[in-house]
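All remarks here apply to the structure that follows.
Please read these numbers as outputs of a predicted model, since none were measured by experiment. The chains referred to below are lettered A, B, ... by the order of the sequence lines, with proteins before strands, and numbering in each begins at 1.
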2 protein chains.
Amino acid sequence: VRALTDLPRTGDTAAAVALLTSLELPAAIDELERVDDATRALAVAALPDETMVAVVERLDPSLQRDLLARLDHAQAQHLLHALDPDDRVALLDACPAALREQLVAGLEPAEQALTRAVLAHRPGTVGRRMSPEVAAVPMSSTVGEALEDVRAQAASAETIYTVAVVDEANRVRGVISLRRLLATDPHVSLTAAMSRPVTVRTTDDQELAAQRLLDHRVVGVPVVAEDGRLVGVFTVDDAMLVLEQEVDEDLARSGGTEPLDRPYLTTTILGTARRRIVWLLVLIVAATLTVNVLNAFEDTLAEVVALALFIPLLIGTAGNTGAQASTTLTRALALGDVRFRDLPRVAGREALTGMLLGSALAVVGLIPAVLVAGGQVAVVVGVTLVVICTLATTVGSCTPLLVQRIGLDPAVTSGPFITTFVDAVGLVVYFLVAGAVLGL
Amino acid sequence: VRALTDLPRTGDTAAAVALLTSLELPAAIDELERVDDATRALAVAALPDETMVAVVERLDPSLQRDLLARLDHAQAQHLLHALDPDDRVALLDACPAALREQLVAGLEPAEQALTRAVLAHRPGTVGRRMSPEVAAVPMSSTVGEALEDVRAQAASAETIYTVAVVDEANRVRGVISLRRLLATDPHVSLTAAMSRPVTVRTTDDQELAAQRLLDHRVVGVPVVAEDGRLVGVFTVDDAMLVLEQEVDEDLARSGGTEPLDRPYLTTTILGTARRRIVWLLVLIVAATLTVNVLNAFEDTLAEVVALALFIPLLIGTAGNTGAQASTTLTRALALGDVRFRDLPRVAGREALTGMLLGSALAVVGLIPAVLVAGGQVAVVVGVTLVVICTLATTVGSCTPLLVQRIGLDPAVTSGPFITTFVDAVGLVVYFLVAGAVLGL
């Protein structure tokens with residue numbers, strides 16, 4: 001690995017190339033994503049043509065952009081030419097608009113047209129992710145004719161494992177897998193052998209399309225325009241990238257941060273801080289609510305200081321209970337196991353679950369409370385635990401459903417948001433219970 | 001949808017079947033996963049054969065088990081026979097051992113052998129997930145001969161898009177895609193056209209294998225035994241299921257709970273509570289540490305009750321900051337962007353990030369502190385924020401690396417765990433700073 005990390009000092013590009021080509025491709029990419037931008041550009045520029053394209057195609061998009069900016073114009077243009085249209089668009093998407101236009105203008109007319117067709121669609125849609133190089137056969141063919149037809153398209157098409165069957169107007173009338181084509185008598189008519197088409201539209205959300213592909217367990221789906229005409233294909237490798245990006249977002253947001261847009265070690269510290277500060281500011285402003293609640297009960301606190309000892313335990317437990325419910329429901333929503341109309345059922349289930357959990361926790365929480373603060377405060381802590389756990393599971397479970405209903409990402413309501421809300425309400429409950437039990 | 005939900009009352013299986021067959025397969029499954037076990041069994045038993053197999057194959061494993069227990073023996077045996085070996089094993093895995101043995105014994109000898117071959121491997125390994133029906137061709141063939149060979153295997157093989165090239169001892173010497181076979185001159189020798197094989201072993205962890213398939217962007221990889229002999233194929237649809245399950249686990253654990261083992265609405269309330277209570281108990285016991293810390297500083301608290309007002313804000317902020325860092329690093333570890341040996345670099349970066357974040361938050365936190373409690377307490381709050389944010393990011397980022405190093409799942413250290421730890425330490429910092437600034 002030294003051959004790569006020491007490259008800026010030694011200038012020995014041959015050694016770096018020898019290292020990278022000796023590794024399996026994913027391992028080579030891992031190493032390249034750990035070094036700084038200048039070193040990476042130096043090593044990649046020295047790679048043999050075919051390897052260079054394979055490497056660049058799979059680099060993180062943010063690193064592709066840096067790389068492109070560091071290659072000379074001829075190298076950049078060569079690289080762009082060698083990529084498949086969908087990978088090319090991913091790379092162009094990462095470039096500033098001026099450079100993008102310049103690079104597209106340098107492509108051959110046919111490649112330029114294919115690329116512009118994809119770039120015309122909105123980011124986040126299937127149209128922007130698809131490959132326009134789709135394998136298609138006319139529905140009037142026999143299976144044997146179709147197979148020959150597909151064979152002729154094998155060199156250029158993005159995939160030939162999913163073949164669209166089209167009518168004279170290029171509308172998709174069916175789909176046939178290459179496997180079925182090979183396994184069927186060549187004289188059978190295509191219409192007898194094809195299946196009902198599972199398609200997606202150019203305007204569809206890319207995540208929904210990826211999930212659709214997964215649900216149908218296919219390796220590709222034809223992409224159609226609004227009028228039903230065939231315009232491309234969306235394949236399983238692109239679907240997996242889309243879903244991985246979505247998982248990235250969900251995991252990051254469940255931790256109250258925005259996902260990084262480049263590999264961790266290549267981000268700057270300021271860049272990392274920027275992705276986190278917005279949420280922290282929102283949450284600290286929300287947390288001033290707890291200051292106000294406690295301020296309102298300051299006299300009670302002054303009278304029974306022991307009440308303060310259990311504040312972190314109580315709000316921590318409520319936060320954890322709420323986060324569990326919200327995590328579970330956010331995932332159930334994503335998997336389609338739960339819908340908005342299930343709200344009353346979910347609320348009922350979770351209220352009961354929360355009461356159960358709160359009762360079990362109250363038993364455990366009573367022990368330190370009795371030891372440290374005596375029986376009366378212990379009763380306050382126990383009762384509060386039951387009430388706030390019930391509250392936390394109910395709020396934690398219903399919020400994701402409501403948030404998705406109004407069109408936002410339910411993952412952002414997980415963890416931190418619920419916690420902060422439950423903190424404030426939990427404190428009010430605590431002091432009300434304390435007032436009642438202790439007669440303050 | 002009423003045709004399905006009202007089935008127990010109406011007994012009109014024809015209407016339920018008409019509904020289910022009119023839907024696309026994934027939609028039909030969604031509906032079946034929302035009704036109770038008895039209704040589901042009633043509807044599935046009435047489906048036409050081919051649809052029944054397609055439906056059962058994709059049902060959640062926990063629901064497959066229930067279903068199997070409710071079908072009569074002949075139906076269960078028929079169903080099992082119709083499934084592919086890998087789907088069959090998934091279903092058998094969900095059954096109690098006695099029922100499993102009985103069902104396997106009822107299979108035809110050839111099917112029984114295939115099934116037992118897969119069942120012999122440990123759960124969680126590739127061997128348990130693979131399909132033994134792998135397409136393979138001898139390395140002495142020409143491309144044309146190989147293509148004919150593959151064609152003959154099209155009906156039985158799990159996939160024919162990835163073809164293993166084997167020597168006389170059935171060891172994998174190369175891989176060739178069906179696409180390459182079709183696009184290459186039939187007279188070329190197979191050894192000239194094939195690629196270096198990307199394979200996985202039966203004993204490999206299924207998640208690592210799935211990630212390998214994804215990294216290489218292929219739709220299948222040959223599975224080899226310890227001695228290099230070909231024994232099966234691991235395909236992209238199984239890889240996607242494995243990765244989805246892994247995401248389920250990571251998301252659940254980041255929220256401090258264990259993943260559900262069946263769709264949300266079909267779980268019992270006790271089952272849901274059981275998946276959550278263990279973590280909550282661990283966390284509440286850990287939280288008694290905060291009670292002890294506060295107890296130790298009770299005199300300080302009694303003297304300056306205003307200090308209590310900021311406890312939730314401070315520990316909440318520290319918890320959020322720590323959760324962000326731990327979420328980011330857990331994900332970076334999963335993606336391979338960070339390794340254990342990066343620990344010093346990570347700690348340095350995160351300490352600096354935490355200091356930056358803490359300083360920004362201190363400015364915001366000062367405002368309510370000045371208004372509610374005056375200048376001196378405000379200074380205490382501000383200084384504490386900087387210190388605990390630095391601490392939280394450092395601990396939050398290093399813990400996942402350390403936990404993975406000792407062989408545990410770093411996802412379990414996210415959120416709740418870090419929060420509870422940082423709470424206790426944060427409170428100590430708070431009172432030490434208070435003591436210094438306020439001269440207590």
Side-chain angles (χ1 to χ4, degrees), chain A residues 26 30 151 154-155 160-161 179 182-183 214-215 217 219 236-237 240 247 251 254-257 263-264 269 272-273 276-277 283-284 287-288 290-291 294-295 301-302 305 308-309 311-313 315-317 320 323-324 327 331-332 336-338 349 352-353 356-357 360-361 364 368 372 416 423, chain B residues 26 30 151 154-155 160-161 179 182-183 214-215 217 219 236-237 240 247 251 254-257 263-264 269 272-273 276-277 283-284 287-288 290-291 294-295 301-302 305 308-309 311-313 315-317 320 323-324 327 331-332 336-338 349 352-353 356-357 360-361 364 368 372 416 423:
Chain A
D30 264 3
R151 204 165 179 154
I160 57 167
Y161 300 148
R179 180 194 185 117
L182 277 171
L214 189 83
D215 285 343
R217 296 202 192 171
V219 294
V236 67
D237 55 333
M240 291 201 291
V247 167
L251 279 170
S254 75
T257 170
Y264 179 77
I269 288 174
T272 311
R276 298 183 189 169
I277 190 68
L283 293 169
I284 202 171
T288 58
T290 62
V291 178
L294 288 174
N295 198 27
L301 261 180
V305 176
L309 310 189
I311 291 177
L313 181 139
I315 64 178
T317 303
N320 292 332
Q324 286 182 332
T327 304
R331 185 65 181 155
D337 289 349
V338 165
R349 290 174 59 100
L352 215 54
T353 308
L356 275 173
L357 294 171
L361 294 172
V364 179
V372 172
D423 278 2
Chain B
D30 264 4
R151 204 166 180 154
I160 56 167
Y161 299 149
R179 182 196 183 117
L182 276 171
L214 189 84
D215 285 344
R217 295 200 192 174
V219 295
V236 67
D237 55 335
M240 292 202 290
V247 167
L251 280 170
S254 76
T257 171
Y264 179 77
I269 287 174
T272 311
R276 298 185 190 168
I277 190 68
L283 292 169
I284 203 170
T288 58
T290 61
V291 178
L294 288 174
N295 198 25
L301 261 182
V305 176
L309 309 189
I311 290 176
L313 181 138
I315 64 179
T317 302
N320 291 332
Q324 286 182 333
T327 304
R331 185 64 182 157
D337 289 348
V338 165
R349 290 174 60 99
L352 214 55
T353 307
L356 275 174
L357 293 172
L361 294 172
V364 179
V372 173
D423 278 2

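Of the two parts of P368(B), only the side chain, counted from C-beta on, holds a non-hydrogen atom closer than 4.5 Å to a non-hydrogen atom of chain A. The part of D237(B) that comes within reach of chain A is its side chain, from C-beta onward, which places non-hydrogen atoms under 4.5 angstrom from that chain. Of the atoms belonging to A155(B), it is backbone heavy atoms, and not side-chain ones, that fall under 4.5 Å from chain A. Residue contact with chain A, scored on non-hydrogen atoms closer than 4.5 Å, involves the backbone and the side chain of L182(B) alike. If you measure heavy-atom distances from V338(B) to chain A, the contacts under 4.5 Å come from both the backbone and the side chain. Contact annotation for R331(B): only side-chain heavy atoms (C-beta onward) come within less than 4.5 Å of a heavy atom of chain A.
In terms of heavy atoms, Y161(A) sits closest to R179(B) at OH-N, 3.1 Å.
Between chain B and the options V372(A), L301(A), V236(A), I284(A), the largest number of non-hydrogen pairs under 4.5 Å is found for I284(A). Most heavy-atom pairs under 4.5 Å with chain A, from the set I277(B), D30(B), L251(B): that is L251(B). Between chain B and the residues P26(A), G336(A), A308(A), the most heavy-atom pairs under 4.5 angstrom are made by P26(A). Contacts with chain A were tallied for D423(B), N320(B), L352(B), L309(B); L309(B) has the most, counting heavy-atom pairs under 4.5 Å. Options L356(A), D337(A), V219(A) differ in how many heavy-atom pairs under 4.5 Å they form with chain B, and the most are formed by D337(A). Options D215(B), I269(B), V305(B) differ in how many heavy-atom pairs under 4.5 Å they form with chain A, and the most are formed by I269(B). Annotation: maximal heavy-atom pairing with chain A below 4.5 Å, among R217(B), M240(B), R151(B), Q324(B), occurs at Q324(B).
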Given side chain to side chain contact (heavy atoms under 4.5 Å, CB included), test T317(B) with L283(A) step by step and report yes or no.
CA-CA 7 Å; T317(B) 302; L283(A) 293 169; over 6 Å; no
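Residues that satisfy the side chain to side chain contact (heavy atoms under 4.5 Å, CB included) test with P312(B), not counting sequence neighbours, are T290(A), L294(A), I311(A), I315(A), L427(A). A154(A) meets the side chain to side chain contact (heavy atoms under 4.5 Å, CB included) test with I160(A), A183(B); sequence neighbours excluded.
A distance of 6.5 Å separates CG of L357(B) from CZ of R276(A), quoted to the nearest 0.5 Å.
Not a single donor-acceptor pair under 3.5 Å links the side chain of N295(A) to the backbone N or O of V291(A).
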